[in-house]
Protein chains: 2
Amino acid sequence: MTATRGAARDALRQEQIVQAAVVLLDEGGVENLSMRKVGGRLGITGAALYWHIKSRHDLLLLAVDHVWAQVAHPCLAGPHWRPALLAMADNVRALCVRHPWLLTAMAIQPLDGPAIDRHDRHLLAVCEKSGLTREDAEQAAQSILTFAIGSVLAAGPGPYVSFGLRSILDGVETRLAVRT
Amino acid sequence: MTATRGAARDALRQEQIVQAAVVLLDEGGVENLSMRKVGGRLGITGAALYWHIKSRHDLLLLAVDHVWAQVAHPCLAGPHWRPALLAMADNVRALCVRHPWLLTAMAIQPLDGPAIDRHDRHLLAVCEKSGLTREDAEQAAQSILTFAIGSVLAAGPGPYVSFGLRSILDGVETRLAVRT
DNA sequence: ACCTGAACACCGTTCAAGT
DNA sequence: ACCTGAACACCGTTCAAGT
């Protein structure tokens with residue numbers, strides 16, 4: 001089947017392009033990402049990229065999902081949901097600090113992509129494991145993600161991170177106490 | 001004194017420029033802000049702007065502070081700190097929703113400017129009025145701002161906003177209970 | 001003091017044309 | 001299928017020159 005072989009080759013090429021984009025983004029932020037520079041890193045023209053990728057905007061989204069895939073998912077088996085949630089919040093924070101352009105990209109448009117979906121579902125699963133109802137778990141998961149991302153945007157690390165995060169986790173526990 | 005009159009005229013011109021920039025930003029986001037377009041709105045060349053403004057990047061920061069000055073500061077006199085904090089968080093949220101490019105600009109570089117400083121100090125004052133120590137008040141203020149901004153970035157409105165925010169305010173109250 | 005015009009080194013994107 | 005080259009309509013910024 002030359003069709004699938006061709007598609008596979010194209011996917012490979014696309015990943016090379018996305019990797020080159022990530023390098024440029026890490027070096028100089030969103031404004032450093034240009035089609036001609038990405039092409040230059042692969043020995044081709046900037047215009048040639050349009051065979052594999054729809055637009056610069058699309059390439060940026062692909063790069064976001066690519067680095068988001070690197071964030072670790074803590075094991076679901078363990079009995080301690082609270083440290084697991086803290087770890088996930090910290091992993092997101094660390095990712096955003098390592099790739100500051102992530103925030104810029106996320107501010108342009110709401111996040112979307114397979115790796116992000118996977119992470120969202122995992123976070124929700126951990127919240128549900130604590131015993132919360134589905135609705136409460138969704139609110140908790142969103143709150144944790146919101147705070148993790150906001151904490152990178154609004155200011156430096158600082159001790160307030162633990163204050164806000166601890167408060168949210170305490171909120172989860174009071175919610176649990178009410179139900180039982 | 002022609003010197004001060006000249007400076008005053010220049011400040012006026014600068015405000016016109018910033019206002020034109022805000023219009024363009026509201027219309028089409030950060031990528032719609034170009035020197036030539038701003039100049040066009042005022043009947044001058046794009047290059048002419050450089051007499052009044054240092055760079056496009058600087059103009060963006062000026063625009064951020066300009067809209068930030070519009071957020072209302074709830075009265076400090078009232079006895080209820082909790083609704084005051086909720087109101088401030090909501091005002092910030094509303095501002096970021098009204099000017100979506102604010103998030104993009106804020107993600108590029110940490111906020112700075114007189115209007116933002118004024119807002120930060122007011123938020124801190126409300127937190128201190130609750131009876132928290134200076135250090136705890138700073139953590140609470142940062143947490144509230146973080147959550148307000150993050151909630152716009154991470155997702156739509158949704159009920160989780162009240163969940164996270166309520167948890168943080170509950171955290172303030174438990175902190176107060178411990179001290180007394 | 002304040003602005004123009006031209007210039008420089010860039011952009012994203014399209015598209016015919018090559019192989 | 002995959003890429004080049006040229007082209008188009010844009011950019012930010014500088015700077016001499018005008019008034």
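We name chains A, B, ... by the order of the sequence lines, and we start the count at 1 in each one.
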From [atom1] of [X] over to [atom2] of [N], roughly how many Å is that when rounded to an integer?
X	N	atom1	atom2	result
B:Leu60	D:dG12	CG	P	12 Å
A:Glu31	D:dC10	CD	P	22 Å
A:Leu12	D:dA1	CG	C1'	15 Å
A:Asn32	C:dC10	CG	P	12 Å
B:Leu24	D:dC11	CG	P	10 Å
B:Arg36	C:dG5	CZ	C1'	11 Å
B:Lys37	D:dC10	NZ	P	9 Å
A:Arg56	C:dC11	CZ	C1'	9 Å

Check every strand shown and say whether A:Leu33 touches a base, only sugar-phosphate, or nothing at a heavy-atom separation below 4.0 Å.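 Answer is sugar-phosphate: A:Leu33 comes under 4.0 Å of backbone atoms only.
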Just wondering, are more than 12 heavy atoms of other shown residues or ligands nearer than 6.0 Å to CZ in A:Arg166?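 More than 12 heavy atoms, drawn from other residues, nucleotides or ligands, come within 6.0 Å of this atom.
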Quick check against the 3.5 Å criterion: does A:His122 have a side-chain atom that pairs as donor or acceptor with the backbone of A:Pro74?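 Here the side-chain-to-backbone pair exists.
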Could you report the tightest heavy-atom contact between [X] and [Y], atom names first, then the distance?
X	Y	result
B:Cys127	B:Ile144	SG-CD1, 4.3 Å
A:Ala63	A:Val22	CB-CG2, 4.0 Å
A:Met106	A:Ile149	CE-CG2, 3.5 Å
B:Leu25	B:Trp101	O-CD1, 3.2 Å

Can you give me the N/O atom pairs linking the protein to nucleotides 17-19 of chain C at distances under 3.5 Å, or say none if there are none?
none

Do any N or O atoms of the protein come closer than 3.5 Å to N or O atoms of nucleotides 2-4 of chain D, and which pairs are they?
unit_1: D:dC2; atom_1: OP2; unit_2: A:Trp51; atom_2: NE1; d: 3.3
unit_1: D:dC3; atom_1: OP1; unit_2: A:Arg13; atom_2: NE; d: 3.4
unit_1: D:dC3; atom_1: OP1; unit_2: A:Arg13; atom_2: NH2; d: 3.0
unit_1: D:dC3; atom_1: OP2; unit_2: A:His52; atom_2: NE2; d: 2.6
unit_1: D:dT4; atom_1: OP2; unit_2: A:Thr45; atom_2: N; d: 2.7
unit_1: D:dT4; atom_1: OP2; unit_2: A:Thr45; atom_2: OG1; d: 2.5
unit_1: D:dT4; atom_1: O5'; unit_2: A:Thr45; atom_2: OG1; d: 3.2

So, is A:Lys54 near the phosphate of C:dT13, with a side-chain N or O under 4.0 Å from OP1 or OP2?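 So the side-chain polar atoms of A:Lys54 never come under 4.0 Å of the phosphate oxygens OP1 or OP2 of C:dT13.
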Between B:Glu31 and A:Arg56, is a salt bridge (Lys or Arg N to Asp or Glu O under 4.0 Å) present by the stated rule, with each step listed? CA-CA 13 Å; B:Glu31 62 187 10; A:Arg56 186 194 113 111; over 6 Å; no
Can you check whether A:Gln139 reaches A:Gln142 side chain to side chain, under 4.5 Å on heavy atoms?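 Counting from C-beta outward, A:Gln139 and A:Gln142 never come under 4.5 Å.
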Close side-chain approach of B:His119 to B:Ile116, heavy-atom, < 4.5 Å: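 SC-SC contact between B:His119 and B:Ile116 ruled out.
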Taking any strand in view, what nucleotide pairs with D:dG5 in a Watson-Crick or G-U wobble way, both distances under 3.5 Å?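 Per the H-bond distance test, C:dC15.
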